[in-house]
Each structure stands twice: as structure tokens, then as C-alpha cells.
Number of protein chains: 2
Amino acid sequence: MGKMAARRAIERQTGVALWRQIADRIRLAISNGDYDATGMVPPETALAAEFGVNRHTVRSALAALAEEGLVRAVQGRGTMIERKERVSYPISRRTRFSQGLARQVKEIGTKLLGHRQVPASGEVAAALGLAPGSPLVELRTVSSGDGRPLSASLSYFPSERFPKMAEHYARLGSVTKAFAAQGLDDYVRAWTEIVARHADAEELALLKLSPGAIVMEAQSVNADLDGRPVEYSRTRFAADRMKLRIET
Amino acid sequence: MGKMAARRAIERQTGVALWRQIADRIRLAISNGDYDATGMVPPETALAAEFGVNRHTVRSALAALAEEGLVRAVQGRGTMIERKERVSYPISRRTRFSQGLARQVKEIGTKLLGHRQVPASGEVAAALGLAPGSPLVELRTVSSGDGRPLSASLSYFPSERFPKMAEHYARLGSVTKAFAAQGLDDYVRAWTEIVARHADAEELALLKLSPGAIVMEAQSVNADLDGRPVEYSRTRFAADRMKLRIET
DNA sequence: TCTAATTGTCTATTGATCTAGACAAGCATA
DNA sequence: TATGCTTGTCTAGATCAATAGACAATTAGA
């Protein structure tokens, strides 16, 4: 007897279509390694029985997962798992974006979507310990691992101290290196706040998510070794591709 | 001119009903403080125009939020906001459940749902540095702030070292105090991993969430000052009531 | 008291989702 | 090659979600 047993029943009339609930469950089961023994999703008829729905409903769920590139169905054989693991993103006093990911993905891509000068809003000013309206450099970036988008960020830096942030980042592709180019050799994470919610339309597009997906939004402040804030950022992680690991 | 401007359009045919997407947006806007000026949600007709849907669809969304107790509609007046803020849960080297929450909620409730002896599964054994199958005490608890469920936990303790964990916890209502009663005066958080996903049926019931809601699941290990793990736990937070704050 | 703004209720219609059943087509293995 | 298992496709009907419009009921303010 395997671990099977009836999975918990899914909910009807909740505003979330059954096929989407089932897709979410299967996605979770895949990343939990429930199907590692065979490398395949159970047959559609078995899934239909397990969830107590019609086979067509399961097919809609699998079609959505195939669309994401998570599984691939082959007539006559079954539905194979193409990708499974979540990337672990470490958060610690010395959080550096690329470093922690380097061991888990072959190729890390960072893309600068845009940059501009903005006056600090109340919230950002407070986080950076500046007067509201102080000039900031804003960077909008998207990062990916092996071609899959993992996170989208909005970062703010004090313009007076780091006037060339955008240029350096565009050239070097790294905040750490851009800081170094402007005379800041070391910095530490002061705090991070994490919230989870449904992705909005912009995030769906940037992270190539399917509608209804979840993002984890981390707001964080980095400071130099004297404790002066040097960066405030809002990073949104694709929740089904990432986990956050906090080392304390 | 206020901040209004057309909000980003919502997505159709995604497997998530429009009324649920709108409910999620309004819930987010409330916790962001967008409606603090009036303490009221905009009129149904205004919301319908903003989201580009029929008024009845907005009404479904508001009905769901009223069901959660987040808003209350009064005929002729409008729809008032009853509750808004997210509770911030601090995670640091010295993470203690009650301490961080005490300032934000008047009354903290912890409830022991059940306890039992279980052999350690592979994953839990690895986290605690024990041999698979080692005896553990499992505690199932739910915690709430001012009457609203905030988190549900599964905690595991090595039976050999803490044989009376369940009894002490039941009496004292606190893991920290139960440790102290068994001779462990201090412990620290070794690591925490955070994932966000849709709540399953059990979590919906335990945390009194509406279907389709999001939970943040934190897996963590606490260790004594010699670095020996003393607790492994899986805590699921109601994502729309909590944010996690990491101090590094 | 009258009016405007707001929520509450009803009916009707359209489109999306889910169920049900049947059969075709491709793959693996005896 | 023959058989069984699996995915692919089609049709038809039932239920849920969303639109549309009309009007009632309540509140606040002129």
C-alpha cells in the first residue's frame, strides 16, 4: 500500500474553478516530490477519482500545467514531469542576490527594465531615513534562473550618495558591484518584511505567471556598516518557483 | 486630484471568478490604507466602473468580504471598513511567538488541538539531526489575536529529551515556558524556510479563511545554545492577516 | 420635507465551467 | 500482432458566473 489514500476534497462554489484548484494541488505535489518514483503524474482517470471530479476537469488542470511548461502529456504513455524543484532564496545579514542562487541554477539572468529619478514618498523616505521628497534613483529589474523568471524588483537608492547607480547597474548587472564601483565595499541587510498575495496583472506579465498565481513580496532595507540605509527595495517572488530561507 | 486613476484591469477566463479577484483587490486596498480617509469602501457603482464590471459582480465581492467580517454594508450609507491592519510577526535569532505579537494585539490565544507520539519521518529527522524513526512528540496548535485565528502549527520535539512536552504545553500555553519547565532555559532560531500557496481545506477550517485564501508556510528549526536542534515546526500563517518581519 | 446617493432585491439572458458518455489514436508489452 | 492502458476529441446537458435593467428601501443633507 502506497501513501495514496484519498486527498482532501476540493471546494466547490468558492469563486475558484475546480480545474484551477486541482492544477494548484498537482503543482504542489510535484514540487513536494510526491511523484518522484515514476517521474510522471498519475493517469487522468486516477486523478479524477482522487479529486472526485470528471476526467475532463482534470484535463483542464493538466492543460494549464502543460501551458506553464511544468508537465508534458504524451498520448498512450502518460503525463511526464518536466520540472519540479523550487529555488531556495537565502535571506541573511549578508544577502546577495546572485550568490545564493548560483548553486541551484546554471544561468542567472538579470534584466534592467528601466530607471528614473523620483522624489521619496513617505514610506520609502521613512525606510531610508531621509526627508520625504529627497531625490532617489529607482531601478526596475527582473531576474530569472535558467530562463524562468523568478523575481521582479523595484529598488531605490539615495541619489546624492549614489548618483550613477543606474549606469553602473546597467553595465555590471549587479547591485553589489554597482555599490563597489561607487565606493561602498560592504553592506548588510537591516530588515525584511514578507507578505503573500495574488499577483496583479503587471506581475503576471513580468514573471510569466498564469492568472491566479501567488507572489511573495519582500520589502527590505540594506545599510552600510555604519547603519546608514543605502537601498530600499520591493521584490516580488513567483511563489510556486521559490522558497525563502532565513538563516539567523 | 486624488490617487484614484484606473486600477489595473482584472483578468477574465482564468479559472478565478471576477468577484473573487475583486474581493482580493479590495482586501489588499483596505490593508494598504487606501480608504483610510473615509473609513469606507467606495460605492458599488464606483467600484464597478473602476474594475470594468457589472455592479452585481462587485456586490458578490463585497458580500464575501462582509462574510469575512472585514466590511459591513448599511443600506443608504455605504460599506464601512471594520478591520484593516495586518499583524507583523517578527522572525529573528530569538523568535518567541507571544513576545512579538503582544504589542499589536490585545489578547493572544493559543489552543492545543492535539498531541501524540510519532516516529520521525525522513524530512523531520534530517531537520532535527536524528535517526529516522526516532520518537517525537507532535503538538498541533492554533493561535489567534483578538479572536481572529492567525496561525496553525505542527511542532515536533525529541521525546527522549522532552518527554513531557505536551503536558507542560497544555498547562503553560507556551513552548518557551514548556522548555523552561524541562530544564532548557534558552534556545535560538537556526533557520526558517518560507513558502506561499493556497490554503487547503483543513487550513481553511482551522484559520477560518474563505476558500481560495493564501497561507504562508514557515518551516523552522530551533536549537539550544550548543546548536542541538530542539524543535522542528511547520507554521501556517493566514496571509491576509499577517506579515513576517525578518530582523537580521 | 424633498432630493440625491447608496445599498437591497428581483427577473432575464448570455457565456464559462463541470459532468457524462462514447470512441479514436498512440504507446508498451506479452 | 494482439491487448490493455493512456491521452485526444467530440457531443450534449446541467450548473455557476457575469451582464443588463428596473425598482424598492434606507440614509444624509439641503
Side-chain angles (χ1 to χ4, degrees), chain A residues 4 9-26 30 35 37-67 69-82 198 210-212, chain B residues 4 9-26 30 35 37-82 210-212:
Chain A
M4 202 29 67
I10 51 182
E11 311 271 317
R12 288 160 193 265
Q13 288 169 324
T14 64
V16 182
L18 294 182
W19 64 263
R20 173 149 289 287
Q21 296 185 54
I22 291 171
D24 292 337
R25 292 286 191 90
I26 296 174
I30 290 173
Y35 307 139
T38 59
M40 303 189 76
V41 174
E44 295 169 354
T45 49
L47 290 170
E50 182 182 354
F51 290 115
V53 300
N54 192 274
R55 179 177 153 234
H56 293 293
T57 308
V58 168
R59 282 179 62 72
S60 299
L62 290 174
L65 296 176
E67 182 72 23
L70 199 64
V71 301
R72 186 165 52 87
V74 176
Q75 194 173 35
R77 285 186 66 193
T79 302
M80 284 157 291
I81 295 167
E82 297 279 88
H198 290 107
S210 54
Chain B
M4 202 27 70
I10 51 183
E11 310 271 317
R12 287 161 193 266
Q13 288 169 326
T14 63
V16 183
L18 295 182
W19 64 263
R20 173 149 289 285
Q21 297 184 55
I22 292 170
D24 292 337
R25 292 286 192 91
I26 296 174
I30 289 173
Y35 307 139
T38 59
M40 303 190 77
V41 174
E44 295 169 354
T45 49
L47 289 170
E50 181 183 354
F51 291 115
V53 301
N54 192 275
R55 179 175 154 236
H56 293 293
T57 309
V58 169
R59 282 180 61 72
S60 299
L62 290 174
L65 296 177
E67 183 72 24
E68 292 176 30
L70 198 64
V71 301
R72 186 164 52 87
V74 176
Q75 194 172 38
R77 286 186 63 192
T79 303
M80 285 158 291
I81 295 167
E82 298 279 86
S210 55

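Lettering follows sequence order; numbering is per chain, from 1. Only a predicted model underlies this, so the values are computations on that prediction, with no experimental measurement involved.
A/Val71 is listed as a side-chain neighbour of A/Ile30, based on a closest heavy-atom distance under 4.5 Å.
Here the side chain of B/His56 is nearest to one of D/dG8, C/dT9, C/dG8, namely C/dT9. When each of C/dC18, D/dA25, D/dA22 is scored by its nearest atom to the side-chain atoms of A/Leu18, the top-ranked nucleotide is C/dC18. Of the candidate nucleotides C/dA20, D/dG8, C/dG8, C/dA20 has the atom lying nearest to any side-chain atom of A/Asn54.
Summarising the geometry, the separation between CZ on A/Phe51 and P on C/dT19 is reported as 13 Å, rounded to the nearest angstrom. Between the C1' atom of C/dG21 and the CD atom of A/Glu44 lies a distance of 15 Å, rounded to the nearest Å. The distance between atom CG of A/Leu47 and atom P of D/dT6, rounded to the nearest whole Å, is 11 Å. Atom CZ in A/Arg59 sits roughly 15 Å away from atom C1' in C/dG21 (whole-Å rounding). Look at CE on A/Met80: it is 10 Å from P on D/dT7, rounded to the nearest Å. Atom CZ of A/Arg20 is separated from atom C1' of C/dA16 by 14 Å (rounded to the nearest Å).
For the OP1/OP2 pair of C/dT17 and a distance below 4.0 Å, the side-chain nitrogens and oxygens of A/Thr57 include no atom meeting the criterion. Of the side-chain N and O atoms in B/Arg77, one or more sit less than 4.0 angstrom from OP1 or OP2 of D/dA28. Distances shorter than 4.0 Å separate none of the side-chain N or O atoms of A/Arg55 from OP1 or OP2 on C/dA20.
Qualifying side chain to side chain contact (heavy atoms under 4.5 Å, CB included) partners for A/Ala64, counting only residues two or more places apart in sequence or in other chains: A/Trp19.
Residue A/Thr79 is in sugar-phosphate contact alone, with no base atom involved, counting any heavy-atom pair closer than 4.0 Å across all strands shown.
The CG atom of A/Leu47 sits 6.0 Å away from the CG atom of A/Leu62 when rounded to the nearest 0.5 Å. Atom CG of A/Leu70 and atom OG1 of A/Thr79 lie 11.5 Å apart (nearest 0.5 Å). Between the OG1 atom of B/Thr57 and the CD1 atom of B/Ile22 there is a distance of 6.0 Å, given to the nearest 0.5 Å.
Between A/Val74 and B/Ala17, the one whose closest nucleotide on DNA chain D sits nearer the 5' end is A/Val74.
Judged by distance alone, with hydrogens and angles left aside, B/Gln75 brings a side-chain donor or acceptor within reach of the base of C/dT7, the pair sitting under 3.5 Å.
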